[in-house]
Amino acid sequence: MKRASRPQAATSLEMAPEDDENLRIRNYLLTMAVRLVCIILCAVVVPYGWHTALFAVGAIALPYIAVVIANAASGRRVTTAENPTLAQLEAPPAAPEDDAPTVIRIAERPAPRPEDETS
C-alpha cells in the first residue's frame, strides 16, 4: 500500500457511505409516498377524466423512477480539494526586537490575614 505524501484534507473527502445511504433511502421513501398519494387520488377523484389518467401514470411510473434514483450513486462529490492555506492572510513584518528576550515575572503575595493587620 502506497502512502500519500500529504494527509487527505477533510474538505475534499467524499460523502460518508452511511450518509449517502440515508439520503437515498429518504429519497426513495419520499417518492413512494407521492406514489401512494397518486393511487389514493386515482381512486377517490370522481368524475374520472384526464386527471385520473395522470394519477394512474404517476402510480405506475414512480416505482421505476424511485428505484433508479435510489440505486444511483450520489453526485455530491468534491472534485477539487479546497486549500485552506490560500485563505490565510500573511502576517505583517515583525518589528525589530532587542537582542535580549522580554521576560515577564509575576510575583504573587499571599493575602494578608486579619490578625496581621491589627498589629
Side-chain angles (χ1 to χ4, degrees):
M1 173 186 262
K2 184 179 178 183
R3 297 192 72 149
S5 60
R6 296 184 329 176
Q8 178 75 36
T11 55
S12 65
L13 294 175
E14 296 178 359
M15 183 182 288
E18 292 175 358
D19 294 338
D20 185 41
E21 180 183 6
N22 291 338
L23 179 68
R24 290 190 286 152
I25 289 172
R26 189 189 73 193
N27 288 341
Y28 178 80
L29 292 176
L30 181 66
T31 307
M32 296 317 299
V34 171
R35 177 186 185 232
L36 183 62
V37 169
C38 285
I39 291 172
I40 292 171
L41 289 175
C42 188
V44 172
V45 174
V46 178
Y48 299 119
W50 65 269
H51 50 279
T52 308
L54 182 67
F55 296 141
V57 168
I60 293 168
L62 281 175
Y64 173 77
I65 294 169
V67 170
V68 169
I69 291 173
N71 288 334
S74 176
R76 295 185 173 110
R77 294 193 177 148
V78 178
T79 56
T80 57
E82 298 176 15
N83 189 352
T85 58
L86 294 178
Q88 293 178 349
L89 300 175
E90 291 187 24
E97 295 183 17
D98 296 337
D99 291 338
T102 304
V103 177
I104 299 174
R105 296 180 189 260
I106 299 175
E108 294 185 25
R109 297 183 190 170
R113 288 189 247 156
E115 60 264 4
D116 289 342
E117 292 177 3
T118 56
S119 50

> How far apart are the closest heavy atoms of Y48 and C42, and which atoms are they?
Replying inline: CE2-O, 3.7 Å
> Rounded to the nearest 0.5 Å, how far does CZ of R24 lie from CD1 of I69?
Replying inline: 12.0 Å
>> Quick check: is I25 connected to Y28 through a chain of hydrophobic side chains (ILVMFWY, heavy atoms under 4.5 Å apart)?
In response: yes
Pairs under 3.5 angstrom only: tabulate donor-acceptor contacts from the side chains of residues 29-36 to other protein residues two or more places apart or in another chain.
unit_1	atom_1	unit_2	atom_2	d
T31	OG1	N27	O	2.8
R35	NE	A59	O	2.7

> Which residues pass the side chain to side chain contact (heavy atoms under 4.5 Å, CB included) test with N22, sequence neighbours left out?
Replying inline: none
> Quick one: do V37 and I65 end up in the same hydrophobic cluster if we chain Ile, Leu, Val, Met, Phe, Trp and Tyr together by side-chain heavy atoms under 4.5 Å apart?
Replying inline: no
>> Under the rule for side chain to side chain contact (heavy atoms under 4.5 Å, CB included), what residues qualify as partners of V45, not counting sequence neighbours?
In response: L41, H51, F55
